[in-house]
**Q** 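I have a structure I would like to understand better, so I am pasting it below and will then ask my questions one at a time.
Just so we're on the same page: letters track the sequence lines, and every chain starts at 1. What you see is a predicted model; the values in this text were computed from it and never measured.
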There are 2 protein chains.
Amino acid sequence: MQLRMTNQREMILRELKKSKKHLSADELYERVKKIMPRISLATVYRNLEILSDASMIRKLEISGRQKRFDSELEDHDHIYCIQCHRIENLDIGDKEVNLTEVDTRGYAITGRRLEVIGLCPRCQKKNSKNNAKKAKQGGSTMGCGCKKGVLSDEQKQVLEAMEKCDGPCASKDIAAATGLETKQVSCRITALKKKGYVDSPVRCKYAITTEGKIALNV
Amino acid sequence: MQLRMTNQREMILRELKKSKKHLSADELYERVKKIMPRISLATVYRNLEILSDASMIRKLEISGRQKRFDSELEDHDHIYCIQCHRIENLDIGDKEVNLTEVDTRGYAITGRRLEVIGLCPRCQKKNSKNNAKKAKQGGSTMGCGCKKGVLSDEQKQVLEAMEKCDGPCASKDIAAATGLETKQVSCRITALKKKGYVDSPVRCKYAITTEGKIALNV
DNA sequence: TAGTAAATAGTAACCTTTCGCAAGTCAATC
DNA sequence: GATTGACTTGCGAAAGGTTACTATTTACTA
Ligand SMILES: [Mn+2]
Ligand SMILES: [Mn+2]
Ligand SMILES: [Zn+2]
Ligand SMILES: [Zn+2]
């Protein structure tokens, strides 16, 4: 089994090296596609696998998320941000980590993986800003990690009713305004709160948030 | 937002603790289902997420594979097997890993994750047995990691033709016997070789392997 | 105890990754 | 130079794991 250096493979390797980042397969795919528009995502995956088997790149299997690939071969560890999932290199000396005396339970050790986890400087800044803002607003529940701001029709209906209403309103009011059942309104509000589009300044009273208004007008 | 201790949640927590293993969501689901047959897998996922957010359990997000959950809250690291993906606890003292002097690039450190990677004793044994067997057989390419031995109709056709033929035969012969095009036969042979059902004792000649015969008669 | 918020079951959708196939490319052999 | 087969690729489909949505039920609390 020998490797052939095809154009695709070469380009994938070159783009990964050029980026100097820890790219995921699809990020790399987007980059390579600009140069080879017909390349397939499967080819990118296949080659990243092959290249890392051949030790020409490194595969980073960090923390249950998307795999990332690293063109740097020298031994090094990584630090990553819990919030923005940025991954950066970390240089650690032999003194810091020394596993020679650890009881490895009969395992034949082939390597180790060390991740330092934290909040990157950018996210720290962002958070302190947001916190200041939130304190003024009275503490919305934003930033829950919901991936999408997509609204269902009924959610939109509820949100629209809430926008028209001035000041916090009860789910009963929304039900009356929309014609939906109270129970259903309650469900929609829960979902919207999770997305950060609605908050509850007073118990049992709800209001649309700034984010909610933005989401409505998209 | 407050937590309620529902029956489902309690059971999930109890079963995880009882197992003393690093279970995945679906493994836990199978266990809980025996006691609460109507529980939903989504409930298990939701609760594992909630419980780990509440620091009542730990989420292990190891190596880009399935998430696993750990009821042990004390700080400890893990060792895992590249082959069977078993995960075991690993006790490491403060002397072994000391990151206090590492340059963390401005990150606010919240934790670290150390995985030692290797081959577990069981897999070591299994491998040495298999290698001995392979050496005797003359080196078939089995054990490539293909997950399935499922044969497509055309693969089966090729394999059957190969079985009837005595001794190694060329892809041309198979093409003639099956009525398929030579190129297609070549493709099927490649796939079958990858599965370990065919090998090539002489260049350009192929024969069905023992595994191949077994697979045909399933 | 009534009323509200949180949780559930069931299912659909989602996202990342892998697979199978038909076709193409290339180097080694004839 | 033609043939052969190993290695690749693009494409489509599917697997596998996880999350989202919604009607309904349950736990809590005022
Ligand atoms: Mn790196
Ligand atoms: Mn553990
Ligand atoms: Zn960050
Ligand atoms: Zn193992």
**Q** Between the side chains of B:E88 and A:Y107, does any donor sit under 3.5 Å from an acceptor?
**A** yes
**Q** Provide a list of protein-nucleic acid N or O atom pairs under 3.5 angstrom, restricted to nucleotides 9-12 of chain C.
**A**
{"residue": "C:dA9", "atom": "OP1", "partner": "B:Q8", "partner atom": "NE2", "Å": "3.3"}
{"residue": "C:dA9", "atom": "OP2", "partner": "B:S40", "partner atom": "N", "Å": "3.3"}
{"residue": "C:dA9", "atom": "OP2", "partner": "B:T43", "partner atom": "OG1", "Å": "2.1"}
{"residue": "C:dA9", "atom": "N7", "partner": "B:R46", "partner atom": "NH2", "Å": "3.4"}
{"residue": "C:dG10", "atom": "OP1", "partner": "B:R38", "partner atom": "NH2", "Å": "2.4"}
{"residue": "C:dG10", "atom": "OP2", "partner": "B:R38", "partner atom": "O", "Å": "3.2"}
{"residue": "C:dG10", "atom": "N7", "partner": "B:S40", "partner atom": "OG", "Å": "3.4"}

**Q** Rounded to the Å, how far apart are B:E49 CD and C:dA7 P?
**A** 13 Å
**Q** What is the distance, to the nearest angstrom, from the CZ atom on A:R9 to the C1' atom on D:dG10?
**A** 15 Å
**Q** Need one value for B:S200: base, sugar-phosphate or nothing, where a base atom within 4.0 Å counts as base even if backbone is also close, heavy atoms only.
**A** nothing
**Q** Rounded to whole angstrom units, what separation is found between the CD1 atom of B:I189 and the C1' atom of D:dT4?
**A** 12 Å
**Q** Where each residue is assigned the nucleotide of DNA chain D containing its nearest heavy atom, which of A:Q155 and B:S171 is assigned the position nearer the 5′ end?
**A** B:S171
**Q** Going by atom types alone, do A:E72 and A:N89 pair a side-chain donor with an acceptor below 3.5 Å?
**A** yes
**Q** Keeping the roles fixed (side chain from A:T6, backbone from A:R9), state whether a donor-acceptor pair exists under 3.5 Å.
**A** yes
**Q** Taking 4.0 Å as the cut-off, does a side-chain nitrogen or oxygen of A:Y45 come that near to OP1 or OP2 on C:dT17?
**A** yes
**Q** Answer yes or no: does atom NZ of A:K59 have more than 12 heavy-atom neighbours from other residues, nucleotides or ligands under 6.0 Å?
**A** yes
**Q** Between A:K59 and C:dT17, is there a contact of a side-chain N or O with OP1 or OP2 at under 4.0 Å?
**A** no
**Q** Per the side chain to side chain donor-acceptor pair (under 3.5 Å) rule, what does the pair list look like for residues 29-40 of chain B, sequence neighbours excluded?
**A** none
**Q** Across nucleotides 23-30 of chain D, 5' to 3', mark each nucleotide with B, S or - according to how protein heavy atoms within less than 4.0 Å reach it.
**A** BBBBBSS-
**Q** Is there a donor in the side chain of A:K195 and an acceptor in the side chain of A:Q155, or the other way round, less than 3.5 Å apart?
**A** yes
**Q** Taking A:Q124 for the side chain and A:L119 for the main chain, is one N or O donor matched with an acceptor at less than 3.5 Å?
**A** yes
**Q** Should the ring pair B:Y80 and B:H85 be called parallel, tilted or perpendicular, given that the plane angle runs from 0 to 90° and is split at 30 and 60?
**A** parallel
**Q** Just jot down the side chain to side chain contact (heavy atoms under 4.5 Å, CB included) partners of B:K17, sequence neighbours excluded, or say none.
**A** B:L13, B:S71
**Q** In this structure, which one of A:K20, A:H78, A:R58, A:K21 forms a side chain to side chain donor-acceptor pair (under 3.5 Å) with A:D70?
**A** A:H78
**Q** By nearest atom, which of the nucleotides C:dA6, D:dT19, D:dG5 is closest to the A:K193 side chain?
**A** C:dA6
**Q** State, yes or no, whether a side-chain contact exists between B:E115 and A:R112 at a heavy-atom distance under 4.5 Å.
**A** no
**Q** Quick one: B:K205 NZ to D:dT3 P, roughly how many Å, whole number?
**A** 17 Å
**Q** Which residues in residues 19-27 of chain B have a heavy atom closer than 4.0 Å to any atom of DNA chain C?
**A** none
**Q** Can you tell me how far C1' of D:dC21 sits from NZ of A:K156, to the nearest Å?
**A** 16 Å
**Q** In this structure, how many angstroms lie between the P atom of C:dT17 and the CD1 atom of A:I50, rounded?
**A** 16 Å
**Q** May I ask you to verify if any side-chain N or O of B:K67 is less than 4.0 angstrom from the OP1 or OP2 atom of D:dT18?
**A** no
**Q** Using a heavy-atom cut-off of under 4.0 Å over every strand shown, decide if B:E181 touches base, sugar-phosphate, or nothing.
**A** nothing
**Q** Nearest whole Å is fine: how far is D:dG10 P from A:M11 CE?
**A** 12 Å
**Q** Classify the nucleic acid contact of A:Y29 as base, sugar-phosphate or nothing, counting any heavy atom under 4.0 Å across all strands shown.
**A** nothing
**Q** Expressed in angstrom and rounded to an integer, what is the separation of B:K194 atom NZ from C:dG20 atom P?
**A** 7 Å
**Q** With sequence neighbours excluded, tell me which residues meet side chain to side chain contact (heavy atoms under 4.5 Å, CB included) with A:C169.
**A** A:M162, A:C165, A:D173, A:I174
